[in-house]
Amino acid sequence: DARLDSLFSALLEADAETAPAIINDIVEEWSRSGSPTIDLLLKRGRDALESGDYAAAIDHFTAVIDYAPDFAEGYNGRALAYYNTERIGPAIDDLRQTLVLNPRHFFALIGFATVLEELGRPEDALEVYNLYLALHPSSPEANEAAERLTNELAGRSL
């Protein structure tokens, strides 16, 4: 936790050039389950996601969750796989569980904000983007999305 706290403090001060390395370090910390078996299942799930085999990814991430129900990365990976198969309800459930287990999970926040926007809930999406920006204020994508939604909600379109 001390290492993660230090990395998140650095992310608050980072600019667009230095943030990606810090984010990679955070993700590396998050990816350590403490079990070689769980880490292997997580890797297989991520590999399946990357190759577009979403059914296999769901299976691998479900196995991670079955064996390590308090490990947020299993839920986050499965949420992305569900999203890519247009299973929005299960994706939302897994994003919520990711955030219950890891409230600073910026990828789950971005995913949740994206889904909220797609569901026509711009106020809620803006709130979640702002939570993300509280962790990573130099994110160009989140800043752009927050500005766009703020303008949209104020009645001004870009």
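Just the heavy atoms: all of them, side chains too, but no hydrogens, waters or symmetry mates, feed the values below. It should be emphasised that the depicted structure is a prediction, and the values quoted were computed from it without experimental measurement.
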(request) Taking the side chain as every heavy atom from C-beta outward, state whether F71 and L101 have any pair of such atoms under 4.5 Å apart. (result) no
(message) So, taking the atom named OH in Y129 and the one named CG in L116, what distance separates them when rounded to the nearest 0.5 Å?
(response) 9.0 Å
(request) May I ask you to say whether R104 pairs ionically with D5, meaning some side-chain N is under 4.0 Å from a carboxylate O? (result) yes
(request) For S138 and A19, work out which heavy atoms get closest and say how close. (result) OG-CB, 4.0 Å
(request) Treat each ILVMFWY residue as a node, draw an edge where side-chain heavy atoms are under 4.5 Å apart, and state whether L12 and L133 are in one component. (result) no
(message) With a 4.5 Å cut-off on side-chain heavy atoms, are F61 and L49 touching?
(response) yes
(message) Around atom CZ of R44, are there more than 12 heavy atoms from other residues, nucleotides or ligands closer than 6.0 Å?
(response) no
(message) Could you report the tightest heavy-atom contact between G74 and V64, atom names first, then the distance?
(response) CA-CG1, 3.7 Å
(request) Might you point out which heavy atoms bring L11 and P137 nearest each other, and give the distance in Å? (result) O-CD, 4.1 Å
(request) Please examine the side chains of Y75 and V100, heavy atoms only from C-beta on, and report whether any two atoms are closer than 4.5 Å. (result) no
(request) Please round to the nearest 0.5 Å and tell me the distance separating atom CZ of F106 and atom CD1 of I26. (result) 4.5 Å
(message) So, taking the atom named CD1 in I88 and the one named CD in E118, what distance separates them when rounded to the nearest 0.5 Å?
(response) 6.0 Å
(message) Applying a strict under-4.5 Å side-chain criterion to I, L, V, M, F, W and Y, I'd like to know whether V27 and F112 cluster together.
(response) yes
(request) State whether R148 and E117 are salt-bridged, where the test is any N-O pair (Lys NZ or Arg NE/NH1/NH2 against Asp/Glu carboxylate O) under 4.0 Å. (result) yes
(message) Between L119 and I92, is there a side-chain heavy-atom distance shorter than 4.5 Å?
(response) yes
(request) To the nearest 0.5 Å, tell me how far E13 CD sits from T18 OG1. (result) 10.0 Å
(request) Identify the two heavy atoms, one from A146 and one from N130, that lie closest to each other, and give their separation to 0.1 Å. (result) CB-OD1, 4.2 Å
(request) Please answer whether the main-chain N or O of A108 pairs with a side-chain N or O of T98 as donor and acceptor at a distance below 3.5 Å. (result) no
(request) Determine, stepwise, if the pair R46 / E50 fulfils salt bridge (charged side-chain N to carboxylate O under 4.0 Å, His left out). (result) CA-CA 6 Å; R46 287 178 172 168; E50 193 173 307; over 6 Å; no
(message) So D94 and Y82, do their side chains get closer than 4.5 Å, heavy atoms only?
(response) yes
(message) Strictly distance-based, threshold 3.5 Å: is any side-chain N or O of S6 a donor or acceptor partner for the main-chain N or O of A2?
(response) no
(message) How close do A57 and A48 get, counting heavy atoms only, and between which atoms?
(response) N-CB, 3.6 Å
(request) Could you tell me whether the side chain of D39 and the main chain of S33 form a donor-acceptor pair under 3.5 Å? (result) yes
(message) Quick check against the 3.5 Å criterion: does N84 have a side-chain atom that pairs as donor or acceptor with the backbone of G52?
(response) no
(message) Donor-acceptor pair, distance only, cut-off 3.5 Å: does the side chain of N143 make one with the backbone of S139?
(response) yes
(message) Quick check for you: to the nearest 0.5 Å, what is the distance between F107 atom CZ and E73 atom CD?
(response) 9.0 Å
(message) Less than 4.5 Å apart, side chain to side chain, heavy atoms only: is that true for D25 and E29?
(response) no
(message) Test of understanding: clusters of I, L, V, M, F, W, Y form through side-chain heavy atoms closer than 4.5 Å, transitively. Do L80 and I110 belong to the same one?
(response) no
(request) Give the cluster check for L95 versus Y132: same hydrophobic cluster or not, with ILVMFWY residues linked at side-chain heavy-atom distances below 4.5 Å. (result) yes
(request) Keeping the roles fixed (side chain from Y54, backbone from Y83), state whether a donor-acceptor pair exists under 3.5 Å. (result) no
(message) When you group the ILVMFWY residues by side-chain heavy-atom contacts below 4.5 Å and let the links chain together, are W30 and I65 in the same group?
(response) no
(request) Report the distance from atom CG of L149 to atom CZ of R121, rounding to the nearest 0.5 Å. (result) 13.0 Å
(message) Are I22 and H136 packed together at the side-chain level, in the sense that at least one heavy-atom pair is separated by less than 4.5 angstrom?
(response) no
(request) State, yes or no, whether a side-chain contact exists between L109 and L135 at a heavy-atom distance under 4.5 Å. (result) yes
